[in-house]
Student: 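Let me give you the structure first, and then I'll get to my questions.
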Amino acid sequence: MNFDDTPEQARLRAEVRQFLAAHHDELAHGDGAYLEEPGHERVDELRRTQAVLFDAGYMGLTWPEEYGGGGGTNAQQAVINEELHRARVAGPVGHVGLGMCGPTILRHGSEDQKQRYIRRLLRADDMWCQLFSEPGGGSDLAALRTKATRHDDGWHVQGQKVWTTLAQHCRFGILLARTNPEAARHRGLTMFVIDMEAPGVTVRPLRQMNGHHSFNEVFLDDVVIADSERLGDVDDGWRVALTTLMNERMAVGGGGGELGVRSDVLVSHANRLLPRLSEERRVLAVEALGRVLVESLAARYSGYRLQTTLEKGEHPGPESSAGKLTAVRVAHATADLGLRLLGEDAVLARSRDGDWRWASAAASTPGIALAGGTDEILRNIVGERVLGLPPDRPRTPAAATATPIAESR
Amino acid sequence: MNFDDTPEQARLRAEVRQFLAAHHDELAHGDGAYLEEPGHERVDELRRTQAVLFDAGYMGLTWPEEYGGGGGTNAQQAVINEELHRARVAGPVGHVGLGMCGPTILRHGSEDQKQRYIRRLLRADDMWCQLFSEPGGGSDLAALRTKATRHDDGWHVQGQKVWTTLAQHCRFGILLARTNPEAARHRGLTMFVIDMEAPGVTVRPLRQMNGHHSFNEVFLDDVVIADSERLGDVDDGWRVALTTLMNERMAVGGGGGELGVRSDVLVSHANRLLPRLSEERRVLAVEALGRVLVESLAARYSGYRLQTTLEKGEHPGPESSAGKLTAVRVAHATADLGLRLLGEDAVLARSRDGDWRWASAAASTPGIALAGGTDEILRNIVGERVLGLPPDRPRTPAAATATPIAESR
Amino acid sequence: MDFDIDDEQRNFAQHARDFFSEQAGPEHARTLLAAPGEAAPGRRVLAELGFSSLTIPEDFGGVGAELLNMALVAEQAGRQLAGPSLTTAARVAVLLADDADRLAAFSEGRLSLAVLDGPPSGSRPSMDVVGATHFLALDGDDLVIGEGRVTLGEPIDATRGLGYVELTSSEVVAQDAQARWARARQVACVILAAEGLGAADRAVEIGLEYAKTRETFGRQIGAYQAVKHRLVDDWVAVNQLRSLVWWAAWAADHAPDQLPIAASAAKAYCAGTFETACETLIHVLGGIGFTWEHDAHLYWRRAKVDRLLLGDESEHLAAVATCTLHAADAAATGELQPI
Amino acid sequence: MDFDIDDEQRNFAQHARDFFSEQAGPEHARTLLAAPGEAAPGRRVLAELGFSSLTIPEDFGGVGAELLNMALVAEQAGRQLAGPSLTTAARVAVLLADDADRLAAFSEGRLSLAVLDGPPSGSRPSMDVVGATHFLALDGDDLVIGEGRVTLGEPIDATRGLGYVELTSSEVVAQDAQARWARARQVACVILAAEGLGAADRAVEIGLEYAKTRETFGRQIGAYQAVKHRLVDDWVAVNQLRSLVWWAAWAADHAPDQLPIAASAAKAYCAGTFETACETLIHVLGGIGFTWEHDAHLYWRRAKVDRLLLGDESEHLAAVATCTLHAADAAATGELQPI
């Protein structure tokens, strides 16, 4: 066990730290995810940030060099991420591409696809989204009804997707569609890369309860996709999607990262506001703060253990789902305590000091809880796939087709 | 809405109060249920108490006069119960008879059975138990395997029961047994009155984690029961058992009563010990106390609403299951706060002042949580029978036989 | 003991239910977030119908009803996120109890009042200051009334009309008003809890409807214990909250010594019950519950604000504990009977 | 970063696992409730195997291992509810760091020590006083050692050897010992959390086994979400607790400035995790889990006691918050780097 840097890591850390200080003004900073409305200006700023970091060699360090990756190690990427966090650099705007689409393409895409897409994805030249959920389906992916039909000029796609994160800013997406309506629910699906600027694609941003427009409806009206843009085999999309979902779970909380407002932001907020509280309130707030911090530390150090596993070359397994359960709880408690520390101003969306972060974070938490699988889905995954508990209903022949989905999403 | 006594109720209240003061030494007192080991001496003391109260006309006020009841009203019984509580008189030791067996006999028993049993049951001359649960069955009553086979001299019973409350002190019990092994799970059951002193009945007290012996195993080895001791029709025991269970739920927490240590005992304990705590601990303890009291008030006043419904002549419905959920939570929190208020002594079973109540209550809470249905069972009942949510699994023909049970227990 | 409302009260509540479902509703709350103003149905209409003067004696132009009746109306108002809050009216009725002229003016809707929390020189965020022309405040031991400069806050829930007020004029209405002020606040807590009760009840109702129709993995989601048990817990809590609200409202008129504990118990229990019910609702709804278009967040917003108004859960838990400890102590030393 | 134990440590933990499952176990804890005495395997055996001298330097007759190794042993001891606690040994190693003779005597099992919490004139209930001949205590700023009069308490968990002690003799071991005392307590918290980790892990394991085999209403109970999700939550918490314990144990030797926060975080997180795991276990087991014969209550007893020993959850939550606030404040004003 060793948390110390090797000399080489220490050199990298110093170099990154220096770079981030020198390029401070070219980088977007922030107090945590989901705080700002992802409008065009903010997204452009975040894309520039990602490009600056890519150009410095700090994005996709572990990705293959031949496609624009750094050919480095997980340990190096971890050092870089720590320094990005310390310098309060905003998280990468292309997180769906980095966390889900990219790994899926690397694993299942053709050489040509990797050549064309990966480098631009890492640099946020292209943003990517994931077109899985549908209005009728919710967590039940295998129920999806968007159809892709084979024609001479490629696949014709007809259907509708929803909850597509940042689709309005994306150039490409990975799309799961039904290619064989005769097959059992989770069979007969195929994964494609879709050009979001193709004719027939209509993106309609959804307004969320926090006022933001992060999620979208995507209407697919006879969209044509060349067969060369298939990811994996025909009717093998379920297996491809599992890669995406495993990576999603790792990306969303699995690594011990924070999902809401950063805990150091909460700590400095508390340092500023605790003295204004009565003695009674201070005692209660300090206990609440301790609780948030301990949960947050538990998630963070568990993420480190998972990272160590990954550094040893293993793939993220279903146990990475566990991290998100805690991360969501921490995000909720952080927003709530941040708000309560505002005292009388906590009934308004902006305090007299102009602090809007906590009310905004509170209104964003329910969305954080949904992305990457609800608590129930994650608990089912851990319970059934890690702990070997029986599935939710008996494995009758009729239920069997549904079971793999229930277990994995 | 009116919480005030009518002049008649006020007279009754004054009379009861005077009686309880005058007969103080003949009555057992206590801080709450499940605190003392129900050994023979304690049980005898509690039986004498119940007899004294019966003789004064304070037990079974609403039960039919022809069988020893008082022919009075629920409102009168409520006044009496309030005064018993205020005077810290220990709850009736024959609570299984009063709460479950008695109502079942009154509804399903023969005239002869009512004549022979009810009066002595009310007076705790005979104590009664309920022989339902079996080792393999748990909450799933319809899975029971104790068999009763018809012979010329009556029914021959073979099987084993478990978790039978106070069976070692009981003269009689009501027994649910399978009389038709061919019928569907919850059909083919019949209810009987069993003489616990009959040949073939062996009672083995179980030691519990709190050191007490409230629960028993009961072995039934070719016990003969006369057909005249049947309760209800042959193979109709499921319907009879529903009466028992509904009444059990009302008896266990449904009426807003406390299941663990009395909240006024917690309050006086807190009054004594709060001054010994540091300022920080006092703030935390006061908040915790407030939380217990508010939950307890919520349960108590909800019990009053239910009592009002009953006074208007309605039977207890599945919604009475709700009260126990809260009562269990309050019992748990009461024991825990009582223990924590002891400060450093809370790591021992008896404080330096000799206070053993809180550690004992803590070790009794898990048993309280089980009796009368686990939280999950109660939530299923409320969810499915009151709120109309779908049952846990689809109503396929195969599942249909199990469903009524899943819903009702 | 008869702990139930009677048929007349039931009819009255049904009348209020019909009125608020026509004249208010979450769609109004949503609109208000974009275009600030007075919440629907507005104080003029509430005065016209006599809802805001329910607890004002008939001699002063009011209806002369008990607080329980107002709580029944408030529950229905809460279901539809109506505004301004009846807490203001209930509080005014107590504060101006011996000011016949102003009470009559308020009853008739000629005087638009809000009650300020915190110092009159610069109040804390106070309810229903939107549309109010005059403000009641506690200045030392004096109850004062005056006009004021209003600074509206950026709302989480726009129906609460929250703003900071600085009195620009001030006239003493009553001296030695601490006790009256405290009682008015307790009464206001009961009505706020009643509004929360109605809103929480509606939130559970929407969740139950959805859980019975929405299917995933081949089953209605309400069949899953994770969903079912959460909804059951919320439903149980809402019903228990109703018991506390009714008790507290009854106590205001019939057992004033029980009011401090009952009002704080209702307010504290409401804070958590309402908030949890809304969080469950959004969770059960999934993605759709996170959208602006769905009503869920409007109930959620109300819950997030109401839990802190007129004292948060911690304040009221401490009040319940402290009052109970004192009463028990006094009883033990022979001073008083325990409540 | 390499946040994992190595193969040697894994083997070592396996060795300890085998040892404790042979030499200790819940059946011993049950017996001890009826017949007071020293818990199994007892301090003599622990000394013989070198478990209690793991963190004592080789020069003083110890093993000279890091605290992490002791935490690995403690986890296995916890699984089997073994006693006396290794917290005492870990604490002694810190307290007597420069007392070669006594340390050697302790390493060799010739000196039976317990550490007292609270004043030496009348201690608070302190661990492992059963079977101890000498006691370490903080007397003002002095670390003292002496013999004492022991009053045993009536145990909730008999394996903790809890009693009140009044020193009858006293010799100063070290002056100005506050800092050392604090560090010893932090180290003890880490080991106590490690024992809780092992016990909680075992409780979850028993619950999982039962949930996979026991059937009700035609299904294994582990298929029901109400059961499944509780067990999952506990399993997740136990695994996160392991992360905190390992970090804190590592920090003791490699990052002493992180120890105060890490030790308190581990102790606080352990309190709730272990207690909840045992409550879940008993609940999942149903009636059988409430019996004296089943092991569940022995784990439950340990959890109910351990959560309060060496400072309860509230104390350690406050410590984490306060230390973090100070560190952040110091960093903001340029004094220190944040941890």
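Just so it is clear: chains get the letters A, B, ... in the order the sequence lines come, proteins before strands, and each one is counted from 1. Remember, it's a predicted structure, so these values are computed and weren't measured experimentally.
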Student: Between atom CG of L266(A) and atom OG1 of T324(D), what is the distance when rounded to the nearest 0.5 Å?
Tutor: 10.5 Å
Student: Between L293(A) and A321(D), which heavy-atom pair has the shortest distance, and what is it?
Tutor: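 Taking every non-hydrogen atom into account, CD1-CA, 4.0 Å.
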Student: Give the minimum heavy-atom separation between P391(A) and A223(D), together with the two atoms involved.
Tutor: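 In terms of heavy atoms, the two residues are closest at O-CB, 3.2 Å.
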Student: So for E287(A), is it side chain, backbone, both, or neither that comes closer than 4.5 Å to the heavy atoms of chain D?
Tutor: both
Student: Rounded to the nearest 0.5 Å, what separation is found between the CG atom of L325(D) and the OG atom of S268(A)?
Tutor: 9.5 Å
Student: Counting only heavy atoms closer than 4.5 Å, note whether D6(D) contacts chain A via side chain, backbone, both or neither.
Tutor: neither
Student: If you look at every heavy atom in S243(D) and R305(A), which pair is closest and at what distance?
Tutor: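 Taking S243(D) first and R305(A) second, the nearest heavy atoms are OG-NH1, 2.9 Å.
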Student: Using side-chain hydrogen bond (donor to acceptor under 3.5 Å, both in side chains), reason through D375(A) and H229(D) one step at a time and then give a plain yes or no.
Tutor: CA-CA 9 Å; D375(A) 287 1; H229(D) 290 185; over 6 Å; no
Student: In terms of heavy-atom proximity below 4.5 Å to chain D, should T326(A) be classed as side chain, backbone, both, or neither?
Tutor: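 Only the side chain of T326(A) comes within 4.5 Å of chain D.
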Student: Less than 4.5 Å to any heavy atom of chain A: does that hold for the side chain of E313(D), its backbone, both, or neither?
Tutor: side chain
Student: What are the two closest heavy atoms between A318(D) and V286(A), and how far apart are they?
Tutor: CA-CG1, 3.9 Å
Student: For chain A, which candidate among L317(D), L208(D), T322(D) shows the most heavy-atom pairs at distances under 4.5 Å?
Tutor: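 Sorted descending by pairs with chain A, the first entry is L317(D).
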Student: Kindly compute the distance separating CG (L389(A)) from CD (Q225(D)), expressed to the nearest 0.5 Å.
Tutor: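 So the gap between those two atoms works out to 12.0 Å.
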Student: Between Q9(A) and chain D, with a heavy-atom cut-off of 4.5 Å, which part of the residue counts as in contact: side chain, backbone, both or neither?
Tutor: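 Just the side chain, heavy atoms under 4.5 Å.
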Student: Are there residues of residues 269-281 of chain A whose heavy atoms fall under 4.5 Å of chain D's heavy atoms? If so, which?
Tutor: A270(A), N271(A), L274(A)
Student: Please round to the nearest 0.5 Å and tell me the distance separating atom NZ of K312(A) and atom CG of D4(D).
Tutor: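 Reported to 0.5 Å precision, the distance equals 4.0 Å.
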Student: Which value, rounded to the nearest 0.5 Å, describes the distance between W250(D) atom CH2 and Y301(A) atom OH?
Tutor: 7.5 Å
Student: Run the side-chain contact (heavy atoms from CB on, under 4.5 Å) test on V320(D) and L289(A) for me, step by step, so that the C-alpha distance in whole Å, both residues' side-chain angles and the decisive distance to 0.1 Å come before the verdict.
Tutor: CA-CA 9 Å; V320(D) 169; L289(A) 177 62; over 6 Å; no
Student: Sorted by first residue and then second, give each salt bridge (charged side-chain N to carboxylate O under 4.0 Å, His left out) pair with at least one member in residues 225-247 of chain D; sequence neighbours left out.
Tutor: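 Output for this query lists R379(A)-D233(D), E384(A)-K228(D), E75(D)-R242(D), D201(D)-R242(D).
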Student: Quick check for you: among G383(A), A78(A), G388(A), which has the greatest number of heavy-atom pairs under 4.5 Å with chain D?
Tutor: G388(A)
Student: Under 4.5 Å between any side-chain heavy atoms of L378(A) and V232(D), yes or no?
Tutor: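 L378(A) does not reach V232(D) side chain to side chain.
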Student: Does any heavy atom of chain D fall under 4.5 Å from the side chain of V386(A), the backbone, both, or neither of them?
Tutor: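 For V386(A), side-chain heavy atoms alone lie under 4.5 Å from chain D.
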Student: Excluding sequence neighbours, so at least two apart, what forms side-chain hydrogen bond (donor to acceptor under 3.5 Å, both in side chains) with E83(A)?
Tutor: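 Per chain and number, E83(A) pairs via side-chain hydrogen bond (donor to acceptor under 3.5 Å, both in side chains) with R13(A), R17(A).
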Student: Show which side-chain atoms of residues 336-343 of chain A pair as donor or acceptor with protein atoms under 3.5 Å away, not counting sequence neighbours.
Tutor:
from    : atom 1 : to      : atom 2 : distance (Å)
D336(A) : OD1    : R307(C) : NH1    : 2.8
D336(A) : OD1    : R307(C) : NH2    : 2.8
D336(A) : OD2    : R340(A) : NE     : 3.0

Student: Counting only heavy atoms from other residues, nucleotides and ligands, does the tally under 6.0 Å from CD of Q14(D) exceed 12?
Tutor: yes
Student: So which residue, N239(D), L241(D), V227(D), ends up with the most heavy-atom pairs under 4.5 Å with chain A?
Tutor: N239(D)
Student: In terms of heavy-atom pairs under 4.5 Å, which option from V294(A), L325(A), T309(A) contacts chain D the most?
Tutor: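 Between V294(A), L325(A), T309(A), the count favours V294(A).
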Student: At a 4.5 Å cut-off on heavy atoms, which part of L68(D) comes close to chain A: side chain, backbone, both, or neither?
Tutor: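 Contact with chain A is through the side chain of L68(D) alone.
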Student: What's the spacing between F3(D) CZ and M1(A) CE if we round to 0.5 Å?
Tutor: 5.0 Å
